[in-house]
A.B. asks: 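One structure, as structure tokens, below. Some questions next.
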Amino acid sequence: NGTETDPYLINNSSELQAIEDDLDAHYELAADIDASNTTRWNDGQGFDPIGNASTPFNGSFDGANHTITGLTIDRPETFDTGLFGAVEDGGTVKRVHLRNADITGDLRSGLLAGGVSSGGVVYSSSASGNVTGRSNVGGAVGDVNGGTVENVSATVDVEGEDSVGGLAGSVRGSGLVESSDTQSSGSGEESVGGFTGSISTSVAVVRDSTADTTVNGTTDVGGFVGRIEAGTIERSSASGNVTAPGRL
């Protein structure tokens, strides 16, 4: 019945999409889902991200370690793009694994979530595939702004313009990313990093995380972070290759 003790059970891609009808409820995957049919949905726009910054997901979603394969979103003018568009206000996404996802959005784009903010949490999950956006583009999460991302892995190709990262596009506010890793190829113009594109506030923290990446950009480009204005990186490392004609 959608309560924490008796969550709605999700068995297919149509039921997955129906989560957007009740963003406060509790859900659990009951099986692996082949979402390859989403390529044909909505005149080629694919899956409609669950929630956005105006109406975020603040219930709970437990993937029960099941896998969603072939999820497609092609919405290059849409903010908050991912399986979940925005996770806020205690919303929780856990134990879900995306495989061969292909997601295109605008501001705040990531395979698992476009944005995680204001107490939202994404943890114990993974994602592989491709993500393309304009700004705040990450392999797993586009923008971590006051939310938490923990124990998340991303194996992705990421492309954007600014704040582009293999795991998270940007970390700001009181955002926390920890115990996470990425194997990725990332390209952009400004603030491009193997793990995160930018860290921009004094209380933002990234720790106990790794990046193995190939990074290409123009200005403010780094193997782990492209640009850090303020914030903390602890016990983290990067390996791979970085190419940029500007500042590295």
Side-chain angles (χ1 to χ4, degrees), residues 1-116 120-133 138-142 152-156:
N1 60 17
T3 64
E4 189 172 2
T5 57
D6 188 17
Y8 293 127
L9 298 180
I10 305 300
N11 291 278
N12 55 53
S13 54
S14 295
E15 291 178 353
L16 186 68
Q17 183 69 88
I19 293 175
E20 66 183 359
D21 296 332
D22 190 349
L23 298 171
D24 301 327
H26 301 270
Y27 302 87
E28 182 177 326
L29 282 188
D32 293 343
I33 292 177
D34 180 358
S36 58
N37 60 338
T38 57
T39 59
R40 302 184 297 272
W41 288 10
N42 300 307
D43 297 322
Q45 295 184 90
F47 190 83
D48 188 15
I50 299 167
N52 55 48
S54 299
T55 55
F57 178 75
N58 48 34
S60 71
F61 179 86
D62 183 356
N65 284 319
H66 287 297
T67 300
I68 301 170
T69 304
L71 185 77
T72 298
I73 300 173
D74 188 8
R75 299 170 181 264
E77 297 181 356
T78 298
F79 292 1
D80 307 311
T81 305
L83 171 61
F84 289 85
V87 182
E88 293 186 13
D89 301 326
T92 301
V93 176
K94 65 180 181 180
R95 301 198 303 166
V96 60
H97 307 289
L98 293 184
R99 293 291 177 268
N100 300 323
D102 190 353
I103 291 177
T104 298
D106 193 320
L107 178 66
R108 297 185 296 272
S109 297
L111 294 183
L112 289 170
V116 180
V121 180
V122 175
Y123 68 98
S124 298
S125 298
S126 65
S128 70
N130 304 286
V131 57
T132 302
V141 177
V152 170
S153 295
T155 305
V156 291

A.B. asks: Measure across Ala127 and Leu112 and return the closest heavy-atom pair with its distance rounded to 0.1 Å.
C.D. replies: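 Minimum heavy-atom contact is CB-CG, 4.1 Å.
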A.B. asks: Side chains of His66 and Ile10: closer than 4.5 Å at any heavy-atom pair?
C.D. replies: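 SC-SC contact between His66 and Ile10 ruled out.
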A.B. asks: Taking all non-hydrogen atoms of both residues, which atom of Ser124 and which atom of Val152 are closest, and how far apart?
C.D. replies: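 Taking Ser124 first and Val152 second, the nearest heavy atoms are N-CG2, 4.3 Å.
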A.B. asks: Just so I know, are the side chains of Thr81 and Thr104 near enough to count as touching, which here means a heavy-atom distance under 4.5 Å?
C.D. replies: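 No, side chains not in contact.
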A.B. asks: Would you compute the distance between atom CG of Asn100 and atom OG1 of Thr67 and round it to the nearest 0.5 angstrom?
C.D. replies: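 Spacing of CG (Asn100) from OG1 (Thr67) equals 10.5 Å.
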A.B. asks: Hey, could you give me the CZ/CD distance between Arg95 and Glu28, rounded to the nearest 0.5 Å?
C.D. replies: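 That separation rounds to 7.0 Å.
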A.B. asks: Taking all non-hydrogen atoms of both residues into account, name the closest pair between Ser109 and Gly133 and its distance.
C.D. replies: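 Closest pair (atom of Ser109, atom of Gly133, distance): OG-CA, 4.3 Å.
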A.B. asks: Can you confirm whether Ile68 sits close enough to Leu29 that some side-chain heavy atom of one is under 4.5 Å from a side-chain heavy atom of the other?
C.D. replies: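 Of all side-chain heavy-atom pairs linking Leu29 with Ile68, at least one is under 4.5 Å.
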A.B. asks: Can you check whether Val121 reaches Lys94 side chain to side chain, under 4.5 Å on heavy atoms?
C.D. replies: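 A side-chain contact is absent here, since even the closest heavy-atom pair is not under 4.5 Å.
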A.B. asks: Looking at Arg108 and Ala53, what are the two nearest heavy atoms and their distance?
C.D. replies: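 Smallest heavy-atom distance, with atoms named: NH2-CB, 4.0 Å.
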A.B. asks: Of all heavy-atom pairs between His26 and Glu4, which one has the smallest distance, and what is that distance?
C.D. replies: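 So the minimum-distance heavy-atom pair works out to CD2-N, 3.4 Å.
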A.B. asks: Roughly how far, to the nearest 0.5 Å, is the CG atom of Asn11 from the CD1 atom of Ile33?
C.D. replies: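 Rounded to the nearest 0.5 Å, the CD1-CG separation comes to 7.5 Å.
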A.B. asks: Within the distance-only criterion (no hydrogens, no angle test), does the side chain of Thr38 pair as donor or acceptor with the backbone N or O of Ser36 below 3.5 angstrom?
C.D. replies: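 Checked: no pair found.
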A.B. asks: Is it the case that more than 12 heavy atoms not belonging to Asp6 sit under 6.0 Å from its CG atom?
C.D. replies: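 Enclosed: over 12 neighbouring heavy atoms sit under 6.0 Å from CG of Asp6.
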A.B. asks: Looking at every heavy atom in both Phe57 and Leu23, which two are closest together, and how far apart are they?
C.D. replies: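 Looking at all heavy atoms of both residues, the shortest contact is CD1-O, 3.5 Å.
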A.B. asks: Would you say the side chain of Leu83 lies within less than 4.5 Å of the side chain of Phe47, judging by non-hydrogen atoms?
C.D. replies: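 Side-chain contact under 4.5 Å: yes.
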A.B. asks: Atom OG1 in Thr72, atom CZ in Arg40: separation rounded to 0.5 Å?
C.D. replies: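 So the gap between those two atoms works out to 10.0 Å.
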A.B. asks: Could you measure the distance from the OG atom of Ser128 to the CG atom of Leu111? Nearest 0.5 Å is fine.
C.D. replies: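 One finds 7.5 Å between OG of Ser128 and CG of Leu111.
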A.B. asks: Measure the shortest side-chain to side-chain distance between Ser13 and Asn37 over non-hydrogen atoms and say whether it is less than 4.5 angstrom.
C.D. replies: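 Side chain of Ser13 against side chain of Asn37, heavy atoms only: contact under 4.5 Å found.
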A.B. asks: Rounded to the nearest 0.5 Å, what separates atom CG in Asp34 from atom CZ in Arg99?
C.D. replies: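 Here the interatomic distance stands at 14.0 Å.
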A.B. asks: If you define the side chain from C-beta out and look only at heavy atoms, does anything of Asn58 sit under 4.5 Å from Asp24?
C.D. replies: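 Yes. Closest side-chain heavy atoms under 4.5 Å.
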A.B. asks: Hey, what's the ring geometry for Tyr27 with Tyr8, parallel, tilted or perpendicular (30° and 60° as the breaks)?
C.D. replies: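 Tilted: the ring planes of Tyr27 and Tyr8 meet at 30° to 60°.
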A.B. asks: For a 4.5 angstrom cut-off between non-hydrogen side-chain atoms, does Pro49 reach Phe79?
C.D. replies: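 Of all side-chain heavy-atom pairs linking Phe79 with Pro49, none is under 4.5 Å.
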